[in-house]
Amino acid sequence: MSARTFKDNYILKRNRYRIAAALSCWIAVAAVSAQKDAPLQLKQIIPLPGVEGRIDHFALDAANDRLFVCALGNNSLEVVDLRKGERIHSISGLGSPQGVAYVPESDRLFVANDEGGICKIFDGRSFQPLSEVNLKDDADNVRYDDAAKKIYVGFGSGGIAIVDATDGKQVGSIKLSAHPEAFELEKHGRRIFVNVPNARHVAVIDRETGRVVATWKTDLAFANFPMALDEASHRLFVGCRLPSRLLVINTDSGDIVAKVDISSDADEIFYDSKRNRVYAVCGAGKVDIIQQIDSNGYKTLTKIDTAEGARTGMFAPDRNTLFVAVPRRGSHDAEIRAYHIE
């Protein structure tokens, strides 16, 4: 090889390295810039070492910065200190816990278990068991009506149990046509909206009479599991898995007013009234953010990458935070991710 050819090759390689380095730098800057501009910013990761299997629903003790996490596949309820950023306790020996509610007035935890249908009640400080309500089968989602001091628990082949939040005694039951999934309570009305996927409808319950007063079809979109409510605009958001779609229902008429395609395996939906957004937490490893343009207009704003199987979480509007549960995958421990909403 001549000296000139060697020099030409050297210059060519050097220029290639410079271009490659500049390109890598540009990609890194673009990635950081994209992350910086994203509407969700990952701010905290709280590991849950030893927690195996699926993770289900959450509850928040806002006054004491505690998050309660149903570790369904681990048969435990994990207690997370958000100030310390770590797990501080684990209530073990449960039967596939699916739903949890925290009652701040009495410092009580109501934990619904799939196995045996037992809703267990624990002291919120010592975590000692206090009592239980036997619902026979598949106790699932739990909601707390703080005005009426009542706990509502979906269970079995079609029912919602009503439990006195003060003494832990069951005081009633509402019959449904099939097993209930997510449901929402009106704060300024008397209705409960319930996803009943096996019946392929949303049931509307009058809380005062304890009866179903209407059923709304989901228009050939099935497996309606998650739900959220924009009570001010009279809009109900229903997440379906077959196909993967968000339905928007007018709660005055029961009519579907909008449909938006979402990522697969949605198990949690939240409405952000401050920003007029819907967050769909999807097991496909995405959080879909849908912007509400007006009460009948919606568009996908963006999709935030999370992790495969991360389909449950909790939205804390006063903290501008969306919590997402990531189950264990391979050598990576299960974790709770806290995303700040920009």
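Since we're looking at a predicted model, the values are computed, not measured.
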Kindly indicate, with the supporting measurements, whether the criterion side chain to side chain contact (heavy atoms under 4.5 Å, CB included) is fulfilled by Asn141 and Glu181. CA-CA 6 Å; Asn141 282 269; Glu181 288 296 334; 3.9 Å; yes
Verify whether one side chain among Gln292 and Tyr271 offers a donor that lies under 3.5 Å from an acceptor in the other. yes
Determine whether the side chains of Asn224 and Asn195 contain a donor N or O and an acceptor N or O closer than 3.5 Å. yes
Report yes if the distance between the aromatic ring centroids of Phe68 and Tyr102 is under 6.0 Å, otherwise no. yes
Step by step, would you call Val278 with Leu246 a side chain to side chain contact (heavy atoms under 4.5 Å, CB included)? CA-CA 10 Å; Val278 178; Leu246 177 74; 4.2 Å; yes
Asp138 versus Gln98, side-chain donor and acceptor atoms under 3.5 Å: yes
Check whether more than 12 heavy atoms from other residues, nucleotides or ligands sit under 6.0 Å from atom CZ of Arg211, and answer yes or no. no
Go through the side-chain N and O atoms of Ser263 and Asp288 and say whether any donor and acceptor fall under 3.5 Å apart. yes
Please determine whether side chain to side chain contact (heavy atoms under 4.5 Å, CB included) holds for the pair His179 and Asp140, giving the CA-CA distance in whole Å, both sets of side-chain angles, and the decisive distance to 0.1 Å. CA-CA 9 Å; His179 180 74; Asp140 200 339; 3.0 Å; yes
Is it the case that Arg143 places NZ or CZ above or below the six-membered ring of Phe183, under 6.0 angstrom from the centre and within 45 degrees of the axis? yes
Taking side chain as C-beta onward, heavy atoms only, is Val287 less than 4.5 Å from Val324? yes
When you look at Arg235 and Asn296, which way does the side chain to side chain contact (heavy atoms under 4.5 Å, CB included) test go after all the steps? CA-CA 9 Å; Arg235 294 296 180 264; Asn296 292 340; 2.9 Å; yes
Is it possible for you to check whether Arg241 lies under 6.0 Å from the centre of the six-membered ring of Phe225, through NZ or CZ, and within 45° of that ring's axis? yes
Step through the shown structure and confirm whether more than 12 heavy atoms of other residues, nucleotides or ligands are within 6.0 Å of NZ on Lys175. no
For a quick check under 3.5 Å, do Ser96 and Glu115 share a side-chain donor-acceptor pair by atom type? yes
Ring geometry between Phe237 and Tyr298 (parallel below 30°, tilted from 30 to 60°, perpendicular above 60°): perpendicular
Quick one: do the Glu268 and His57 side chains pair a donor with an acceptor below 3.5 Å? yes
Arg200 to Phe222 six-membered ring, cation-pi geometry met (6.0 Å, 45°): yes
Crowded around Lys150 NZ? As in, over 12 foreign heavy atoms under 6.0 Å? no
